[in-house]
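Please read the structure below before turning to the comments.
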Protein chains: 2
Amino acid sequence: MSLSQQTHQQQTESHLTLADKVLVQLQNSIIKGEIAAGSKINEQAIAKQFGISRGPAREALHTLERQLLIIRAPHVGARIARLTVNELNELYALRSTLESMACELAAIHISAQQLQQLATLIQYQQHALQNDDFDFQQQGDIDFHYQIIHASGNQHLRRTLIDGLYHLLRMYRYQCSSGIKPTQAIAEHQQIYTAIANADGELAGLLMRRHIERGRQKAVLRLQQIEPFTSAQL
Amino acid sequence: MSLSQQTHQQQTESHLTLADKVLVQLQNSIIKGEIAAGSKINEQAIAKQFGISRGPAREALHTLERQLLIIRAPHVGARIARLTVNELNELYALRSTLESMACELAAIHISAQQLQQLATLIQYQQHALQNDDFDFQQQGDIDFHYQIIHASGNQHLRRTLIDGLYHLLRMYRYQCSSGIKPTQAIAEHQQIYTAIANADGELAGLLMRRHIERGRQKAVLRLQQIEPFTSAQL
DNA sequence: ACACTTGTGATTGTTAACAATTATATGAAA
DNA sequence: TTTCATATAATTGTTAACAATCACAAGTGT
């Protein structure tokens with residue numbers, strides 16, 4: 001289980017409710033695009049597919065709605081979120097502001113242990129870069145941002161980013177990843193880490209802004225290639 | 001129905017689900033402090049109290065949880081959120097960042113009609129100030145901030161603030177209001193409005209930061225008076 | 001007196017049937 | 001052919017009963 005997967009509950013698997021288990025699987029299916037964007041999704045079908053009743057299925061869909069992965073209309077049903085350039089821009093603008101704030105706070109509040117974990121993660125990332133371990137590159141990137149958010153110490157900031165925007169963001173990043181080596185991105189991570197280690201929150205925040213802006217530009221380019229196809233299907 | 005009450009759905013009352021109706025009443029009761037902070041709240045009791053079954057009551061509690069008005073523990077139950085100085089600081093720090101961003105965007109994207117509505121609202125507020133209409137002062141204050149958020153044009157920003165932080169914020173503002181005339185606050189609103197009208201997003205954002213910071217200081221002072229009592233009760 | 005086990009009650013989690021609402025298809029009239 | 005009304009089917013909303021889990025208290029043994 002990745003660091004970014006575990007949010008705040010540390011409960012063992014046996015305590016997990018059916019809605020939670022189904023939720024995780026649906027999240028992954030949606031984020032990976034295995035369920036087509038814009039397609040309808042209803043409670044009965046989910047319940048049948050996972051061998052449960054409509055109650056937990058309904059709860060899972062409600063959670064997916066608040067995670068912005070589906071769009072629900074009362075008495076009508078739900079549809080998988082559709083990726084658009086406009087929404088990507090809005091999402092990244094908000095993300096940039098919030099993660100910049102997280103950097104400023106993290107530079108003040110980060111503990112020695114958290115700083116050490118961040119350093120270790122960057123080393124792993126550089127290792128994965130050399131070995132062309134693409135999955136770990138992407139997961140490591142997410143974990144880097146997550147650890148900084150966590151180190152900010154602001155629980156509301158963390159909840160807003162991790163429980164709210166995080167999931168839709170993962171969808172954009174997964175489906176809009178260019179596939180080229182993230183050499184520059186990891187170098188930027190290194191710079192941000194150094195700024196935080198030097199307790200220079202202002203610099204760290206600035207670097208994070210630019211880092212996310214570059215990611216936005218790449219994602220937009222990729223999305224503009226695939227958007228005509230995805231928006232074509234009803 | 002106030003401007004800040006209607007979020008994005010414009011459905012008539014008949015379409016409202018039972019969970020929604022109960023939700024609104026519970027929100028108000030919690031925000032006003034009619035239900036004691038920290039007290040337990042369970043599904044059965046809610047269902048009985050409102051004459052509905054546990055299904056909708058359960059959904060309402062889930063929504064209250066994501067609005068941060070209650071804290072749920074799996075298989076254990078839920079408790080009304082307790083106001084603390086620390087959490088108030090975190091909440092206002094996040095709010096300051098987000099509403100400052102909203103100002104910057106609003107200065108760019110606000111329409112002539114929205115600008116006119118903002119001007120009208122400020123006039124009403126000044127009128128309410130002279131007439132000592134306290135309820136309208138508080139509601140007008142919330143509407144001012146809401147309209148700017150709306151004018152920012154960023155849907156994710158709006159959802160994060162209105163659907164997420166907004167409710168807990170209302171609780172703090174309601175229970176930590178000092179009762180003295182908000183003369184300065186309304187003057188600051190006027191300044192922010194002017195900056196937005198002049199398309200000076202940078203200034204508007206800065207003024208909003210200071211405006212919220214002053215509100216934070218007042219709320220902290222008030223909360224420090226009542227916190228010993230609220231944290232005393234289990 | 002203390003630790004451990006066990007049982008009881010309360011609360012949440014789950015299920016399946018029922019009700020209400022909406023979308024879609026069918027057909028009649030202009 | 002088009003448009004409106006109606007009926008039908010599909011889906012969500014709601015309910016009450018059942019199962020599982022947890023907190024707490026009583027009791028037992030050392």
Side-chain angles (χ1 to χ4, degrees), chain A residues 7-27 30 35-36 38-82 233-234, chain B residues 7-27 30 35-36 38-67 69-81 233-234:
Chain A
T7 55
H8 42 286
Q9 60 237 8
Q10 53 195 7
Q11 45 196 292
T12 139
E13 189 173 322
S14 62
H15 303 154
L16 279 177
T17 187
L18 284 183
D20 290 332
K21 296 176 190 169
V22 168
L23 174 67
V24 174
Q25 301 205 49
L26 285 176
Q27 281 177 339
I30 295 173
I35 311 179
S39 62
K40 283 201 281 190
I41 178 173
N42 66 19
E43 298 171 1
Q44 194 114 292
I46 297 300
K48 203 169 180 180
Q49 179 181 344
F50 288 93
I52 59 176
S53 70
R54 268 185 58 219
R58 180 181 173 85
E59 271 189 33
L61 289 184
H62 273 88
T63 305
L64 286 176
E65 182 193 24
R66 91 156 184 252
Q67 293 175 345
L68 311 175
L69 293 179
I70 66 173
I71 297 170
R72 276 169 45 95
H75 285 285
V76 168
R79 288 178 173 277
I80 308 294
R82 190 180 277 115
Q233 50 185 271
L234 285 183
Chain B
T7 55
H8 41 286
Q9 57 239 7
Q10 53 196 7
Q11 45 196 306
T12 138
E13 189 172 319
S14 62
H15 302 154
L16 279 178
T17 187
L18 284 184
D20 290 332
K21 296 177 190 170
V22 168
L23 174 66
V24 174
Q25 301 205 49
L26 285 175
Q27 281 176 339
I30 295 174
I35 310 178
S39 62
K40 283 202 282 190
I41 180 174
N42 66 19
E43 298 171 1
Q44 195 113 288
I46 296 299
K48 205 170 179 179
Q49 179 181 341
F50 289 91
I52 59 176
S53 71
R54 268 184 58 218
R58 180 183 174 84
E59 273 189 30
L61 288 184
H62 273 89
T63 306
L64 285 176
E65 182 192 23
R66 90 156 184 253
Q67 293 174 347
L69 293 179
I70 67 173
I71 297 171
R72 278 168 47 94
H75 286 286
V76 166
R79 286 179 174 276
I80 307 294
Q233 49 184 273
L234 285 182

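The sequence lines fix the lettering, A, B, ..., with proteins before strands; numbering per chain opens at 1.
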* To do: Return the set of residues passing side-chain contact (heavy atoms from CB on, under 4.5 Å) with A/I46 (not counting sequence neighbours), or none when no residue passes.
  => A/V22, A/L26, A/I41, A/Q49, A/F50, A/A57

* Report the distance from atom CD1 of A/I46 to atom C1' of D/dA10, rounded to the nearest whole Å. => 16 Å

* **Partners meeting side chain to side chain donor-acceptor pair (under 3.5 Å) with B/R54 (sequence neighbours left out)** => B/E43

* Check side chain to side chain donor-acceptor pair (under 3.5 Å) between A/E59 and all other residues, then give those that pass, not counting sequence neighbours. => B/R58

* Asked: Over how many whole Å does the gap from A/I41 atom CD1 to D/dT12 atom C1' extend?
  -> 14 Å

* Full working for side-chain contact (heavy atoms from CB on, under 4.5 Å) between A/K40 and A/I80 -> CA-CA 7 Å; A/K40 283 201 281 190; A/I80 308 294; over 6 Å; no

Strictly under 3.5 Å: I want the nitrogen or oxygen pairs between protein and nucleotides 13-17 of chain C, one per line.
from, atom 1, to, atom 2, distance (Å)
C/dG13, OP2, B/R58, NH1, 2.7
C/dG13, OP2, B/R58, NH2, 2.9
C/dG13, O3', A/T17, OG1, 3.2
C/dG13, N7, B/R54, NH2, 2.8
C/dG13, O6, B/R54, NH1, 2.7
C/dT14, OP1, A/T17, OG1, 3.1
C/dT14, OP1, A/L18, N, 2.6
C/dT14, OP2, A/T17, OG1, 2.4
C/dT15, OP2, A/S53, N, 3.1
C/dT15, OP2, A/S53, OG, 2.9
C/dT15, O5', A/S53, OG, 3.4

* CG/B/L18 to CD1/B/I52 distance, rounded to the nearest 0.5 angstrom? -> 5.5 Å

* Find the distance A/L61:CG to D/dT12:P and express it as a whole number of Å. => 8 Å

* Would you confirm whether B/R72, through its side chain, and B/E65, through its main-chain N or O, come within 3.5 Å as a donor-acceptor pair? => no

* **Euclidean distance, B/L64 CG relative to B/I70 CD1, rounded to 0.5 Å** => 5.0 Å

* Structure fact -> OG of A/S53 to NZ of A/K48, rounded to nearest 0.5 Å, is 14.5 Å

* To do: Note the angle between the end axes of the helix from C/dA1-D/dT30 to C/dA30-D/dT1, five pairs defining each, rounded to 10 degrees.
  => 10°

* Return the value, rounded to whole Å, for the distance between atom CG of B/D20 and atom P of C/dA20. => 18 Å

* Starting at CZ of A/R79 and ending at P of C/dA23, how long is that distance when rounded to a whole Å? -> 11 Å

